Amino acid sequence: MKLIKLATVAAVAGVCATTGVQAQTLAQTKEAGHLKCGINTGLVGFAFTDDQGNWQGFDVALCKAVAAAIFGDPGAVEYTSLTGKTRFTALASGEVDLLSRNTTWTLTRDVDLKLTFVGVNYYDGQGFMVPKALGVTSALELDGATVCIQTGTTTELNLADYFRANNMSYEPVPIETNAEAQQKYLADACDVYTTDASGLAATRASFEDPSAHMILPEIISKEPLGPVVRQGDDEWADINRWVLNALLIAEEKGVTKANVKDMASSSDLDPEVARLLGVEGDYGSMLGLPKDWAANVIAAVGNYGEVFDEYLGPDTPIGLERGLNALYTDGGIQYAPPFR
């Protein structure tokens with residue numbers, strides 16, 4: 001029994017020591033004065049540079065939101081553009097501390113690569129885009145096609161599974177970035193481009209004549225896309241998880257970029273809104289953040305719906321509907337746990 005107790009104490013001490021070493025990301029981020037965020041190399045709507053060379057987009061907004069939570073400043077971000085091949089190495093090595101780059105949550109990535117997915121900010125699925133001139137209306141007509149496909153992605157495996165299941169063959173044309181895929185696809189180096197349906201819509205929106213291309217009806221996979229951090233730092237994972245949750249709760253409760261300051265000073269608030277904005281309780285201290293961290297997040301980027309509409313929604317060149325990404329109250333599946 002004495003040996004068992006000693007072994008248990010040693011094991012617990014080992015876990016605590018490991019946790020103490022690993023749980024440093026917030027402190028290191030504060031010391032650096034900025035968040036190190038990994039994003040796409042360029043994808044319309046998700047990660048792109050504006051006329052002033054500043055990064056913008058749906059995924060970029062999450063980087064800004066986390067920076068606003070920590071520093072009260074959405075501009076306190078150092079961006080690193082990453083390909084499908086380099087993104088996980090950059091995260092594991094500490095080159096970036098948050099990966100906000102249309103990345104699919106899978107078991108092998110979660111467990112084998114020692115990653116922690118902190119939520120799903122976009123529910124997607126893999127599709128196919130073809131020139132209308134090809135005369136194809138279904139993915140089941142793609143037997144023998146040449147297919148542009150990004151390496152180091154779940155897309156490669158899904159494609160192989162789909163074609164094998166339907167007794168079809170294809171010739172892969174490997175590419176590393178969306179820009180390379182676009183170039184080869186438009187140069188007829190491949191018949192088809194396959195990636196997440198949202199990525200296809202974003203790519204097509206950048207074409208000179210988007211109407212000359214169609215996204216086929218088949219969706220061949222589940223692609224829950226979301227932000228990722230390294231395993232072993234629960235405090236850091238909690239911060240990023242609850243920044244995303246705060247955006248969702250804000251939309252559900254009607255807290256917007258325009259009204260958040262007025263609501264935070266109101267004496268008559270929904271209890272959940274009071275907790276969200278730091279008016280009631282001190283939920284920020286649980287995360288190592290200021291009391292008004294969530295109010296700072298919403299003031300910086302808006303709520304989830306505002307971010308979606310600004311970069312991906314029906315009034316943007318991409319023109320995506322909310323679909324599964326609508327709140328659960330509006331027929332979608334986006335849903336955040338409560339604060340208390």
Side-chain angles (χ1 to χ4, degrees), residues 36-48 55 57-60 62-63 79-129 139 142 145-164 170-187 189-203 206 219-231:
K36 297 188 294 185
C37 199
I39 55 173
N40 202 299
T41 54
L43 183 62
V44 176
F46 287 88
F48 60 94
W55 282 103
F58 181 78
D59 287 333
V60 173
L62 186 64
C63 304
Y79 296 102
T80 300
S81 300
L82 300 170
T83 67
K85 272 188 173 182
T86 62
R87 55 186 164 173
F88 299 132
T89 302
L91 181 59
S93 69
E95 181 182 355
V96 300
D97 294 319
L98 168 62
L99 181 63
S100 185
R101 184 205 177 282
N102 53 313
T103 298
T104 303
W105 190 349
T106 71
L107 183 147
T108 53
R109 289 174 174 178
D110 196 339
V111 179
D112 193 40
L113 295 185
K114 309 301 183 190
L115 303 176
T116 295
F117 286 78
V118 299
V120 177
N121 68 340
Y122 193 96
Y123 288 95
D124 211 343
Q126 183 175 335
F128 300 91
M129 180 168 64
L142 295 177
T146 54
V147 184
C148 279
I149 184 168
Q150 291 190 47
T151 55
T153 65
T154 55
T155 313
E156 286 184 291
L157 305 177
N158 296 335
L159 181 68
D161 286 348
Y162 182 77
F163 272 72
R164 183 171 63 248
Y170 67 97
E171 180 182 343
V173 179
I175 48 94
E176 289 199 20
T177 67
N178 190 66
E180 184 184 357
Q182 179 175 324
Q183 181 182 16
K184 288 192 173 182
Y185 173 80
L186 292 176
C190 56
D191 302 313
V192 188
Y193 180 30
T194 184
T195 190
D196 299 336
S198 63
L200 295 177
T203 301
S206 68
I219 298 296
I220 68 169
S221 70
K222 294 182 295 184
E223 305 294 331
L225 310 178
V228 195
V229 298
R230 291 179 294 276
Q231 278 187 9

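It should be emphasised that the depicted structure is a prediction, and the values quoted were computed from it without experimental measurement. The figures that follow rest on heavy atoms only: side chains count, while hydrogens, waters and symmetry mates do not.
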*Do the non-hydrogen side-chain atoms of N40 and F46 ever get within less than 4.5 Å of each other?*
no
*If the plane angle is over 60° it's perpendicular, under 30° parallel, otherwise tilted; pick one for W55 and Y79.*
tilted
*Partners of F48 by ring-ring contact (aromatic ring centres under 6.0 Å, His included), sequence neighbours excluded?*
none
*asked:* Testing the basics here: between C148 and Y193, what is the closest heavy-atom pair and its distance to 0.1 Å?
replied: O-CD1, 3.3 Å
*Measure across C190 and V173 and return the closest heavy-atom pair with its distance rounded to 0.1 Å.*
CB-CG2, 4.0 Å
_For the residue pair S93 / E95, report whether a side-chain donor-acceptor contact shorter than 3.5 Å exists._
no
*Between T104 and L225, is any pair of side-chain heavy atoms under 4.5 Å apart?*
yes
*Any chance you could measure L99, atom CG, to F88, atom CZ, to the nearest 0.5 Å?*
6.5 Å
*Among side-chain atoms of T194 and Q126, is any donor-acceptor pair under 3.5 angstrom?*
yes
*What closest approach, in Å, do L200 and G127 show between heavy atoms, and which atom pair accounts for it?*
CD1-C, 3.4 Å
*Decide yes or no on side chain to side chain contact (heavy atoms under 4.5 Å, CB included) for D97 and R230, but give the supporting numbers first.*
CA-CA 7 Å; D97 294 319; R230 291 179 294 276; 2.6 Å; yes
*Sub-3.5 Å donor-acceptor pair from the side chain of Q150 to the main-chain atoms of I175, do we have one?*
no
*Are the side chain of S221 and the backbone N or O of E223 linked by a donor-acceptor pair below 3.5 Å?*
no
_Minimum side-chain heavy-atom gap Y170-D191 below 4.5 Å_ = no
*Could you state the interatomic distance from CG (L82) to OG1 (T41), rounded to the nearest 0.5 Å?*
8.5 Å
_Distance in Å, T153 OG1 paired with N158 CG, rounded so as to fall on 0.5 Å steps_ = 8.0 Å
_Flag side-chain contact, heavy atom, 4.5 Å: R109 against V228_ = no
_Side-chain H-bond candidate by donor/acceptor type, E171 with T146, under 3.5 Å_ = no
_Donor-acceptor contact below 3.5 Å, side chain D59 vs main chain N102_ = yes
*Identify the two heavy atoms, one from T151 and one from K85, that lie closest to each other, and give their separation to 0.1 Å.*
OG1-CE, 3.4 Å
*Kindly indicate whether the side chain of F128, heavy atoms from C-beta on, has any atom under 4.5 Å from the side chain of L159.*
yes
_Set of residues satisfying ring-ring contact (aromatic ring centres under 6.0 Å, His included) with respect to Y123, sequence neighbours excluded_ = none
*Of all heavy-atom pairs between S100 and C37, which one has the smallest distance, and what is that distance?*
CB-SG, 4.1 Å
_Quick one: does any side-chain atom of R87 pair with a main-chain N or O of G152 as donor and acceptor, under 3.5 Å?_
yes
*How many angstroms lie between atom OG1 of T195 and atom CG of N178, to the nearest 0.5 angstrom?*
7.0 Å
*Look at the side chain of D124 and the backbone N and O of D196, then say whether any donor-acceptor pair between them is shorter than 3.5 Å.*
no
Solution key, residues 180-187 side-chain donor-acceptor pairs under 3.5 Å, sequence neighbours excluded:
residue, atom, partner, partner atom, Å
E180, OE1, E176, N, 3.0
Q182, OE1, S206, OG, 3.1
Y185, OH, V130, O, 3.3
Y185, OH, H213, ND1, 2.9

*How long is the span from the OG1 atom in T80 to the CG atom in L98, to the nearest 0.5 Å?*
11.0 Å
*Roughly how far, to the nearest 0.5 Å, is CG of L113 from CG of L107?*
10.5 Å
_Considering all heavy atoms, the nearest G199-L43 contact_ = O-CD1, 4.0 Å
